[in-house]
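First up is the structure itself, then whatever we jot down about it.
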Number of protein chains: 2
Amino acid sequence: MARRNQHSKEALRELALDAVQRIAERDGPHIVSARKVAHEIGYAPGMLYHLFENIDDLILQANARTVMMLTDTLRQAIQRKKPINAVLAMASQYLALAQQNSRRWQLLFEHAMRNDVPVPSWYQHQTDTLFELVEQQLALLAPEKSSKDVTLAARSIWSAVHGVCLLAVTGKLDVGGPVQAPKIVESLVRHYLLGWTLEK
Amino acid sequence: MARRNQHSKEALRELALDAVQRIAERDGPHIVSARKVAHEIGYAPGMLYHLFENIDDLILQANARTVMMLTDTLRQAIQRKKPINAVLAMASQYLALAQQNSRRWQLLFEHAMRNDVPVPSWYQHQTDTLFELVEQQLALLAPEKSSKDVTLAARSIWSAVHGVCLLAVTGKLDVGGPVQAPKIVESLVRHYLLGWTLEK
DNA sequence: CCACCCAACTAAACAGCGTTCAATAGGGTA
DNA sequence: TACCCTATTGAACGCTGTTTAGTTGGGTGG
């Protein structure tokens with residue numbers, strides 16, 4: 001068989017990205033493979049290589065969707081809140097999303113580049129947006145701080161929250177039960193910001 | 001060939017674990033495979049399955065060594081310091097080690113269980129020790145806090161520092177150059193502890 | 001000293017992986 | 001109707017983890 005042309009190139013791409021996320025959620029993130037994805041959408045594995053550079057590219061683009069979903073959610077979490085509460089809401093939303101779709105997040109967190117080329121810039125760019133959302137709130141919270149300080153603080157908070165989400169999603173935080181992850185996030189953000197605003 | 005008996009079972013195990021770390025450092029963590037490890041020590045791949053349950057077990061035991069090295073280093077970092085400085089020293093030592101042996105740390109951070117059985121308890125136990133080291137210092141720092149509060153704070157700090165190390169080692173923090181990772185760690189610990197000790 | 005035994009180890013096989021590419025099939029056009 | 005051109009396939013290559021039957025050779029009993 002050839003030239004079915006049932007789907008446009010773009011529709012096919014969407015189909016494949018849907019399949020990646022569906023397989024990850026259904027069978028676990030480490031089950032995702034070019035062959036499984038192709039089978040899931042009823043094509044031969046080779047076809048995928050006309051749509052994506054390689055398996056890293058495929059998974060990365062699927063992960064980009066997850067990041068976009070996160071960005072959208074965080075934007076909504078901010079709405080009309082005071083800076084401290086906005087940052088708290090963003091952090092706890094990050095954790096909530098990661099816990100709700102944990103396998104999708106595992107795909108995001110645990111995917112290590114096989115073709116050891118560095119993370120592409122368009123992806124980096126997308127994650128930078130997340131930093132910026134935090135920076136905006138911090139700038140509102142402490143207008144007297146330099147933009148350098150704000151950048152550093154945003155990166156600190158973000159890395160920290162990311163660390164909690166990672167450990168939570170991969171089950172490495174469950175010593176007192178999985179319930180306390182939200183408490184850790186809140187403790188982290190609240191105390192850091194308290195210390196940060198009181199400084200000097 | 002069979003029954004060379006050049007090495008005892010225990011010596012062979014050490015040989016294999018050495019090989020894992022050597023290959024990871026030399027060729028990159030994603031190069032490590034049962035076949036490569038076996039070849040590195042001059043045996044057939046099947047032999048490894050008399051020493052280890054599977055490839056996860058092998059890599060996990062190699063990673064356990066990395067964690068032990070970390071634990072030892074952190075213990076030394078504490079010596080005769082005041083609590084705040086002890087925690088700061090531990091955190092920056094964590095980052096320093098991770099950056100120095102980045103590939104070995106990538107093996108630790110990025111290894112996702114293929115046989116999706118949960119992380120074994122002996123491993124969990126070993127990482128718990130790290131939490132305890134932080135808890136001890138926090139208890140000294142704020143004797144009035146409940147042990148519940150101390151546990152929560154230790155977990156917060158540890159997850160946060162872990163998050164920074166992870167992003168630093170995997171190159172996802174390099175927007176203003178890799179130099180600023182230590183600054184982020186210090187900012188994190190210092191401001192969190194300031195906020196935490198001032199609370200209530 | 002020899003023969004036997006059993007454990008240590010290997011070689012080969014299986015299934016699955018990412019990736020490439022010659023071959024093909026079938027819709028669109030002349 | 002016939003041709004073309006491209007979307008798609010199927011098979012191949014070399015890699016992976018893992019299992020297993022089979023072989024080898026050191027240690028021990030006779």
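Each chain gets a letter, A, B and so on, in the order its sequence line appears, and its residues count up from 1. In what follows, every heavy atom counts, from backbone to side chain, and hydrogens, waters and symmetry copies are set aside.
Between A:Asn54 and B:Lys9, the residue whose closest nucleotide on DNA chain C is further toward the 5' end is B:Lys9.
Following rounding to the nearest Å, A:Ile23 (CD1) and C:dC17 (P) show an atom-to-atom distance of 10 Å. Counting to the nearest Å, the C1' atom of D:dT8 and the CD1 atom of A:Ile41 are 12 Å from each other. In this structure, B:His7 places its NE2 atom 14 Å from C1' of C:dA8, rounding to the nearest Å. Following rounding to the nearest Å, A:Glu10 (CD) and D:dA7 (P) show an atom-to-atom distance of 14 Å. The interatomic distance linking B:Leu58 (CG) with D:dG17 (P) rounds to 9 Å, in whole Å. Here C:dC17 presents its C1' atom at 14 Å from CG of A:Leu48, a figure rounded to the nearest Å. The interatomic distance linking B:His30 (NE2) with D:dG17 (P) rounds to 13 Å, in whole Å. Rounded to whole Å, atom P of D:dT8 lies 6 Å from atom CG of A:Leu12.
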Go through the steps to decide whether A:Asp57 and A:Gln61 satisfy the test side chain to side chain donor-acceptor pair (under 3.5 Å), and finish with yes or no.
-> CA-CA 6 Å; A:Asp57 185 33; A:Gln61 292 200 29; 3.2 Å; yes
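Using modelled atom types, one finds no donor on one side chain facing an acceptor on the other under 3.5 Å when comparing B:Tyr94 with B:Thr73.
Considering only side-chain atoms of B:Tyr49, the nucleotide from C:dG18, D:dG17, D:dT8 that sits closest is D:dG17.
Remark: B:Arg103 does not engage B:Glu110 in a salt bridge, criterion side-chain N to carboxylate O under 4.0 Å. Salt-bridge formation is not detected for the pair A:Glu186/A:Lys183: no Lys NZ or Arg NE/NH1/NH2 atom is positioned less than 4.0 Å from an Asp or Glu carboxylate oxygen.
Only A:Ser33, A:Ala34, A:Arg35, A:Lys36, listed by number, bring a heavy atom of residues 32-40 of chain A to less than 4.0 angstrom from any atom of DNA chain C.
A search for side chain to side chain donor-acceptor pair (under 3.5 Å) contacts involving A:Arg22 returns A:Glu40, not counting sequence neighbours. Remark: B:His7 pairs with B:Tyr43 by the side chain to side chain donor-acceptor pair (under 3.5 Å) rule, at least two apart or across chains.
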